[in-house]
Trainee: 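Okay, handing you the structure first.
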Amino acid sequence: MTSQTTRSANPTVSRVRLERRLEQPRWLQIMSPIILLGVALLFGAVLLRMVGANPWAVYSRMAGLAFGDAYGWSDTTLKATPLILAGLGVSLAFRMRLWNIGAEGQLFIGAWFATGVALHLLPETTPQPLMLLVMAVAGFVGGALWGGIPGVLKARLNVNEIITSLMLNYVAIFWNNYFIYGPWSQRGFGLSPQFPRTAWLPRFTDYAEQFPFLRGITAHFGIFLALILAIVLWWVLRQTKWGFEIRVLGDNPQAANYAGINIVRNTVLIMMLSGGLAGLAGMSEVAGVVHRLQERFSPGYGFTAIIVAWLAKLNPLAIVLVSYLFAGLLVGGDAIQPAGIAQMLQGVILFVMVGGEMLLQYRVRFGQV
Amino acid sequence: MSTNPAFEMRNISKRFPGVLANDNVSFAAAKGEIHALLGENGAGKSTLMSVLCGLYRPDGGELLIDGAPVDFRSPRDAIRAGVGMVYQHFMLAPSQTVTENVMLGLRDTPFVLNTPQLAAEVEKIGAQFHLPVDPHAMIWQLSVGEQQRVEIIKMLYRGANILILDEPTAVLTPPEIEGFFRTLREMAAAGKTIVFISHKLDEVLSIADRITILRGGKWVDTVANANLTKATLASMMVGREVLFRLDKTPHQPGAAQLALSQVQALDDKRLPALRKLSLTVHAGEIVGVAGVAGNGQRELAEVIAGIRPVTGGAIAVTGQDVTHAPPLARIQAGVAYVPEDRSATGSAPDLSVAENLALRAFRKAPLAGRFVLKRQLMQQQAQKLIAQFGIATPSPQTPSRKLSGGNLQKLILAREISSQPQVLVAAYPTRGLDIGATEYVRKVLLEEREKGVAILLLSEDLEEIFALADRIAVIFEGQIVGDLPANTADLETVGLLMAGEQVEA
């Protein structure tokens, strides 16, 4: 080696760089959704300010409406129930990287099946528990069949499930419309006849005679079903052989195949379970809220469920929390003018949370390089 | 070879979170020199070269090209200063021609391309340095060796005077390696500086002028290539004595445990990859499959594991026909498979080490009941295997993606071998591993042979095949073109067979 004296003349440049994190600190994983929610609300506040509103007043009114008292909680629970059920369904499919966008359609078909049972299959005099059980099973089966179609197409012919499940939404909605305007219509309105009382999911307010404080609490027992299923799903994924198979499949399908895990069978099975859970959401809506099949009984729960599942990182227990948050937004947003504010906030939250995921994976570095 | 350094790296340090990848390393090479950079995985070779080619900026130290200090902000800066790197994984667009790939990414490409002129230049560079390649061929039509030539031509066309080659021989056959070495010598004679990254000691000894050894991120020594032996180099690399001879008991084959007859299968492009291939492996023997990459090795391993459909012929494991059986049936029949691609096929990266170790055994007692997993036992089993196979992991709960290549390979071996297989297919089990891990893997394979397992070993390293195998099966274009006893086979015959030549047995 020759020795040469040189002075390094590095020009100093300061810039902002993103560096990939090798480790994600645990605290960050837990805190990030909370921080990001704060950021999203801040962002929404700026937008609210720009349209001349007082963000603080808007937020506190929304929060008050959604979570301020028992009635608020009741309304929020009412909207959280279908979100949890459909969200669980969506998350199950997403876990296996099956992009089931068809929860809305599966929800409608589930509702249709449940309606068929309540109005036609079983007589009005059927005992309530039996009636509800058969309706739930029918709703689940209906959703499962609807979800199974893209599942089979995907597993057997490798047809893109995003397209098929999305398109089947429209088919499902028109199928319902045909029945509520046609065979099941009440004098030409887009409504089926009301269900017999035996086909109503019990509401808390139904027990007001024994427990007066429940008066006016219209939330129904569907929430118990949703909560139980969330816990069951969490346990199944974590503790059972089949749950393990699903997790391997979701993480690396090639490794799963190599380990002897049946991809074809699990694809169909998961799409059916996913659809079945969304179908239960439909059953719970018609039996618990509207008590009949009608047009637009779902304000897009099946689509919001996709956002819910994603934000909850597909964790069944987190889905419950996120569903309540979104239900709160819906309830709080109902009373806000203009009506688009709640939807805008949903959009902002999704945007910030998905974008903010990057902060988990990267570290921002300032300074001289 | 002049004495003026073409480049000089002084006291380079580079830190990544948790590791000091380069610790005060100095490294220089002269014009016209072939300088080998030798070291185990994780020794810091790639990091050092990434600093030289502008991919990383060092945290400390300085870099001089032709005596002048430089500060590379990107590989573009480096190539402008004449430093070009040929990576192990080629950066070529498969659906474009050779010429188009050469001009890809050039800053001064005119709006209207003068392709014929460029093609002529590609041909000229090819002729000058003995790098024959058709400038109009599409990349996907080329063999791996040809693609490597395109990468080198690309760098030369861009005016590289300093060429860094990252394990360039890993993808070449013995005859190709000879031609490649000729190219290297010609380039050196033309005044180019060549940095040759490798951990194959024979090659380094046969081509390098000087050798620099790194270990654990630190510079160990720079030595002229004279009177060096493999043993000295290896001990400098590893920091201790290395045994090259493996003790092996005499070949005593038992029953035929794995039998392929007239097997046919397609590759991913749905072209025939296995053409009526027949092969038998007996209990207690290692059959080494030698061949140039892409002659059906991957497909051979996959049809045995059941993850690639067979279009003709039959496969039997311990006498049972499994030709069309799914992977699970193969596992139950006693086939273990150490796949070529550890992270893409061999493990689920986000699942824990314990879960990955259970990937094969999770269905049965003791790890599971009828439906429910026994996490406690899974944990204990994992701890046992981690200790037994010396897998370096912070805990059994660590996601397997955090393991190094060698440790991931140990994990896969531990899992496959602990299932007590009858047949073990090991595809490139030591690829990319350092000397220590390679020694270990080979020892484990020999132990399994002792236990009476029928082992099919696919390897690109002929030395490995000769050291381990009892029989050498040479694969060429999806057929076994030679099946020789390892103790009488010679390298030359095997090399010729690999190249598709007819050889009188």
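The analysis underlying the following values was restricted to heavy atoms, covering all of them including side chains, and did not include hydrogens, waters or symmetry mates. Here is the naming used below: chain letters follow the sequence lines, and residue numbers restart at 1 for every chain.
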Trainee: Does any backbone or side-chain atom of Ile261(A) lie under 4.5 Å from a heavy atom of chain B? Answer side chain, backbone, both or neither.
Mentor: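 Ile261(A) touches chain B through backbone and side-chain heavy atoms alike.
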Trainee: If every non-hydrogen atom of Ala348(B) is compared with every non-hydrogen atom of Ala255(A), which pair is closest and at what distance?
Mentor: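 Residues Ala348(B) and Ala255(A), closest heavy atoms: N-CB, 4.3 Å.
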Trainee: Tell me if a side-chain donor or acceptor on Lys241(A) pairs with a main-chain N or O of Lys364(B) at a distance below 3.5 Å.
Mentor: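 Looks like no, no N/O pair under 3.5 Å.
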Trainee: Got a second to check how far Ser400(B)'s OG is from Asp251(A)'s CG, nearest 0.5 Å?
Mentor: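 Result: 7.5 Å between the selected atoms.
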Trainee: Can you tell me if Trp310(A) has over 12 outside heavy atoms packed within less than 6.0 Å of its CH2?
Mentor: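 No - once you tally the heavy atoms of other residues, nucleotides and ligands closer than 6.0 Å, there are 12 at most.
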Trainee: Ignoring hydrogens and angles, tell me if any N or O in the side chain of Asp350(B) forms a donor-acceptor pair with the backbone of Asn252(A) under 3.5 Å.
Mentor: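 Pair absent, no side-chain N/O of Asp350(B) close to backbone of Asn252(A).
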Trainee: Heavy-atom cut-off 4.5 Å, strictly under: side chain, backbone, both or neither for Glu355(B) against chain A?
Mentor: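 Interface part for Glu355(B): both.
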Trainee: Which pair of non-hydrogen atoms, one from Pro327(B) and one from Gly260(A), has the smallest distance, and what is that distance?
Mentor: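 Reported closest heavy-atom pair: CB-CA, 3.9 Å.
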Trainee: OH/Tyr258(A) to CZ/Arg360(B) distance, rounded to the nearest 0.5 angstrom?
Mentor: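 Result: 6.0 Å between the selected atoms.
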Trainee: Considering only heavy atoms, which portion of Pro326(B) lies under 4.5 Å from any heavy atom of chain A: side chain, backbone, both, or neither?
Mentor: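 The answer is neither part of Pro326(B).
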Trainee: If I take atom CG from residue Leu373(B) and atom CD from residue Gln239(A), how far apart are they, to the nearest 0.5 angstrom?
Mentor: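 Rounded to the nearest 0.5 Å, the CG-CD separation comes to 7.0 Å.
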Trainee: With chain A, which of Arg415(B), Gln332(B), Lys374(B), Glu302(B) has the greatest number of heavy-atom pairs at distances under 4.5 Å?
Mentor: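 Between Arg415(B), Gln332(B), Lys374(B), Glu302(B), the count favours Arg415(B).
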Trainee: For Ile331(B), which atoms come within 4.5 Å of any heavy atom of chain A: side chain, backbone, both, or neither?
Mentor: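 It is the side chain, since no backbone atom gets that close.
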Trainee: Yes or no on side chain to side chain contact (heavy atoms under 4.5 Å, CB included) for Val248(A) and Leu351(B), after CA distance, side-chain angles and deciding distance?
Mentor: CA-CA 7 Å; Val248(A) 177; Leu351(B) 298 192; 3.5 Å; yes
Trainee: For Thr345(B), which atoms come within 4.5 Å of any heavy atom of chain A: side chain, backbone, both, or neither?
Mentor: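 Both backbone and side chain.
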Trainee: For the CD1 atom of Ile307(B) and the CD1 atom of Ile263(A), what is their distance to the nearest 0.5 Å?
Mentor: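 Ile307(B) CD1 to Ile263(A) CD1: 10.0 Å, rounded to 0.5 Å.
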Trainee: Among the options Gly369(B), Pro349(B), Ala368(B), Ala358(B), pick out the one with the most heavy-atom pairs lying under 4.5 Å from chain A.
Mentor: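 Max contact count across the listed options: Pro349(B).
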Trainee: Quick one: what part of Arg330(B) sits under 4.5 Å from any heavy atom of chain A, side chain, backbone, both or neither?
Mentor: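 For Arg330(B), neither part sits under 4.5 Å from chain A.
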